[in-house]
Novice: 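Below is the structure I would like to discuss, written out as structure tokens.
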Amino acid sequence: MTIPLREIERLLYRLITAPSGVAEGLAREQGLSPGDLGTVIRGDARLSAVERVDIYADAYFYRLLDAAKEDFPATLKVFGESGFHNLLTGYLIDYPPTEPSIFYAHRFLADFVRSHPIRGKAPYVADLAALERALVEVFHAAEAPALDAAAMRAIAPAKWPALRMRTHPAVMILSLQWRVADVLRAVEQGRDFEPVVHEPVEVLVWRRNSRVYYREIEATEARALAVAVGGGARGATFAKICAAIAAGCDGAEHDAVGAINRMLERWLGDGLLMLVRRAKRRN
């Protein structure tokens with residue numbers, strides 16, 4: 001029995017990811033018997049073809065499990081080793097990997113947790129998983145030249161209002177219902193965490209010099225950054241971003257100027273913004 005290479009690859013993927021094991025997965029393959037599998041995977045007196053594929057299936061699952069433990073250490077801490085193992089088993093049944101890179105394998109874990117009964121033990125854990133996944137996404141985000149203080153000073157202040165800015169690709173803003181940043185920070189520092197507060201909060205996640213950071217932000221800062229995000233590839237003018245900051249200062253001009261200066265200084269230091277340059281017109 002000759003099987004084309006592409007079909008062999010698809011067959012092995014189905015068997016390796018079969019929820020109930022290779023033998024049951026093989027039983028569901030129409031027109032293929034354990035003997036036929038031997039034409040693809042050679043067995044011997046020590047291990048059959050099915051047993052050999054089982055080894056790959058176990059290794060594949062535990063590689064995904066180990067990667068999830070690395071990416072979701074706080075979620076792991078909440079559920080414990082056994083609970084997390086069971087959680088990931090259920091997740092992979094509902095969301096089997098569809099991409100060659102392991103980077104994509106756990107991207108829906110927060111969504112899975114949000115609708116899973118296990119969430120009843122820790123209702124904040126879906127937000128916690130979402131924050132941990134955001135750290136992974138930001139770490140792998142595209143590189144781009146960030147706007148810094150030196151570049152800003154090199155531009156005449158009279159031109160600042162019309163400058164178009166957008167957030168750096170390695171910036172995310174999460175709208176969460178639980179204050180889970182403290183939980184993640186406690187786990188990272190190896191200490192116990194306090195009861196989680198149920199309160200809407202915005203969390204900023206960004207990368208700077210190959211390191212990923214996160215912090216809770218107030219509503220005014222969140223709205224101002226959302227203006228830059230909402231502009232898409234075209235960004236938003238600096239004047240519009242400043243107006244969003246000023247709107248959160250109750251009309252007090254002195255407070256608004258101070259808030260704009262403080263936020264801009266911090267954003268430039270953290271590399272949150274980039275200039276959107278106009279395309280040059282061709283003659």
Novice: Is there a continuous path of hydrophobic side-chain contacts, each under 4.5 Å between heavy atoms, that joins Val227 to Met172?
Specialist: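 No; tracing contacts between hydrophobic side chains, which count when under 4.5 Å, never links both residues.
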Novice: Determine whether Leu225 and Trp267 make a side-chain contact, defined as any pair of heavy atoms from C-beta on separated by less than 4.5 Å.
Specialist: yes
Novice: Any idea which heavy atoms bring Ala141 and Ala170 closest together, and the distance?
Specialist: CB-CA, 3.7 Å
Novice: Show your working on side chain to side chain contact (heavy atoms under 4.5 Å, CB included) between Ile155 and Leu275 and close with a plain yes or no.
Specialist: CA-CA 11 Å; Ile155 301 171; Leu275 285 178; 4.0 Å; yes
Novice: If every non-hydrogen atom of Ala226 is compared with every non-hydrogen atom of Ile173, which pair is closest and at what distance?
Specialist: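 Looking at all heavy atoms of both residues, the shortest contact is N-CD1, 4.3 Å.
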Novice: If the test is side-chain contact (heavy atoms from CB on, under 4.5 Å), which one of Leu65, Leu76, Ile93 qualifies with Leu88?
Specialist: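 Single side-chain contact (heavy atoms from CB on, under 4.5 Å) partner of Leu88 among Leu65, Leu76, Ile93: Leu65.
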Novice: Quick one, Leu272 and Leu204 - any side-chain contact, counting heavy atoms below 4.5 Å?
Specialist: yes
Novice: Give a yes or no on whether Glu99 atom CD has more than 12 heavy-atom contacts from other residues, nucleotides or ligands under 6.0 Å away.
Specialist: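 Yes, enclosed.
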Novice: Taking a hydrophobic cluster as the set of Ile, Leu, Val, Met, Phe, Trp and Tyr residues connected by side-chain heavy atoms closer than 4.5 Å, whether directly or through intermediates, do Leu128 and Val138 fall within one such cluster?
Specialist: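 Linked within one cluster.
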Novice: Quick check against the 3.5 Å criterion: does Arg133 have a side-chain atom that pairs as donor or acceptor with the backbone of Ala110?
Specialist: no
Novice: Is Leu87 reachable from Val136 through a run of hydrophobic residues whose side-chain heavy atoms are each under 4.5 Å from the next?
Specialist: no
Novice: Does the ring-ring contact (aromatic ring centres under 6.0 Å, His included) test come out yes or no for Tyr91 and Tyr95, once each step is laid out?
Specialist: CA-CA 6 Å; Tyr91 168 74; Tyr95 294 90; 5.2 Å; yes
Novice: Do you know which two heavy atoms are closest between Ala105 and Leu64, and how far apart they sit?
Specialist: CB-CD2, 3.8 Å
Novice: Once side-chain hydrogen bond (donor to acceptor under 3.5 Å, both in side chains) is applied, what residue pairs with a partner in residues 52-65 remain, sequence neighbours excluded?
Specialist: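 Found Asp44-Arg52.
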Novice: From Leu264 CG over to Phe238 CZ, what is the distance, rounded to the nearest 0.5 angstrom?
Specialist: 4.5 Å
Novice: How many angstroms lie between CZ in Arg14 and CZ in Arg10, if you round to the nearest 0.5 Å?
Specialist: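 Spacing of CZ (Arg14) from CZ (Arg10) equals 8.5 Å.
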Novice: Any heavy-atom pair between the side chains of Glu218 and Arg223 that's under 4.5 Å?
Specialist: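 No. Closest side-chain heavy atoms not under 4.5 Å.
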Novice: Rounded to the nearest 0.5 Å, what's the gap from CG on Leu131 to OH on Tyr124? Could you check?
Specialist: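 Rounded to the nearest 0.5 Å, the CG-OH separation comes out at 13.0 Å.
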Novice: Please work out whether the ring planes of His198 and Trp178 are parallel, tilted or perpendicular, with thresholds of 30° and 60°.
Specialist: parallel
Novice: Is there a side-chain contact between Leu184 and Glu132 in this structure, where contact means two heavy atoms from C-beta onward sitting under 4.5 Å apart?
Specialist: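 Yes. Closest side-chain heavy atoms under 4.5 Å.
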Novice: With sequence neighbours left out, which residue pairs that include part of residues 208-217 fulfil the side-chain hydrogen bond (donor to acceptor under 3.5 Å, both in side chains) condition?
Specialist: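 Pairs touching residues 208-217 that pass the test: Arg179-Glu216, Glu188-Tyr214, Arg215-Glu221.
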Novice: Hey, could you give me the CZ/CZ distance between Arg277 and Arg164, rounded to the nearest 0.5 Å?
Specialist: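 Reported to 0.5 Å precision, the distance equals 14.0 Å.
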Novice: Check the hydrophobic clustering (I, L, V, M, F, W, Y; side-chain heavy atoms under 4.5 Å; chains of links allowed) and say if Val205 and Met274 are grouped together.
Specialist: no
Novice: What about Val229 and Val212, same hydrophobic cluster or not, with Ile/Leu/Val/Met/Phe/Trp/Tyr joined at side-chain heavy-atom distances under 4.5 Å?
Specialist: no
Novice: Using every non-hydrogen atom in the two residues, find where Ala228 and Ala236 come nearest and quote the distance to one decimal.
Specialist: CA-CB, 4.4 Å
Novice: Report yes if some heavy atom in the side chain of Phe84 is under 4.5 Å from a heavy atom in the side chain of Lys69; otherwise report no.
Specialist: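 Answer yes - side chains close enough.
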Novice: Hey, what do you get for CG (Asp270) to CE (Met263), rounding to the nearest 0.5 Å?
Specialist: 13.0 Å
Novice: Using side-chain heavy atoms (C-beta onward) and a distance below 4.5 Å, is Val196 in contact with Asp127?
Specialist: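 When only atoms from C-beta onward are counted, Asp127 and Val196 do not touch, as no gap falls below 4.5 Å.
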Novice: Side-chain contact test, heavy atoms from C-beta onward, threshold under 4.5 Å: evaluate it for Phe193 versus Val187 and give yes or no.
Specialist: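 A side-chain contact exists here, since the closest heavy-atom pair is under 4.5 Å.
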Novice: For Met165, which of Val276, Ile241, Thr237 qualifies under side-chain contact (heavy atoms from CB on, under 4.5 Å)?
Specialist: Ile241
Novice: What residue pairs, at least two apart or across chains, pass salt bridge (charged side-chain N to carboxylate O under 4.0 Å, His left out) with a residue in residues 83-98?
Specialist: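 Qualifying pairs: none.
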Novice: Might you work through the ring-ring contact (aromatic ring centres under 6.0 Å, His included) test for Phe112 and His106, ending with a clear yes or no?
Specialist: CA-CA 10 Å; Phe112 178 76; His106 308 107; over 10 Å; no
Novice: Is it true that, when you exclude Glu265 itself, more than 12 heavy atoms of the residues, nucleotides or ligands shown sit nearer than 6.0 Å to its CD?
Specialist: no
Novice: What's the separation between atom CZ in Arg46 and atom CD in Glu51, rounded to the nearest 0.5 Å?
Specialist: 10.0 Å
Novice: What pairs meet the ring pair (Phe, Tyr, Trp, His ring centres under 6.0 Å) rule with one or both residues in residues 129-167, with sequence neighbours excluded?
Specialist: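 As it turns out, the ring pair (Phe, Tyr, Trp, His ring centres under 6.0 Å) pairs with a partner in residues 129-167, which skip direct neighbours, are Phe103-His140.
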Novice: If you compare all heavy atoms of Ala244 against all heavy atoms of Thr220, which two are closest, and at what distance to 0.1 Å?
Specialist: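 Closest heavy-atom pair between Ala244 and Thr220: O-CG2, 4.3 Å.
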Novice: If you apply the rule salt bridge (charged side-chain N to carboxylate O under 4.0 Å, His left out), what do you find for Glu137 with Arg107, and how did you get there?
Specialist: CA-CA 9 Å; Glu137 296 275 354; Arg107 57 182 163 173; over 6 Å; no
Novice: Report yes if the side chains of Leu163 and Met152 come closer than 4.5 Å at any heavy-atom pair, otherwise no.
Specialist: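 Yes, close enough: below the 4.5 Å cut-off.
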Novice: Compare every heavy atom of Gly271 with every heavy atom of His168, then report the nearest pair and how far apart it is.
Specialist: CB-O, 3.7 Å
Novice: Give the other cluster members for Val197, using side-chain heavy-atom distances under 4.5 Å between Ile, Leu, Val, Met, Phe, Trp and Tyr residues; answer none if it is isolated.
Specialist: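 Its cluster mates, by chain and number: none.
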Novice: Suppose we screen for side-chain contact (heavy atoms from CB on, under 4.5 Å). Which residues come up paired with Ala126, at least two apart in sequence or across chains?
Specialist: Val113, Arg114, Arg119
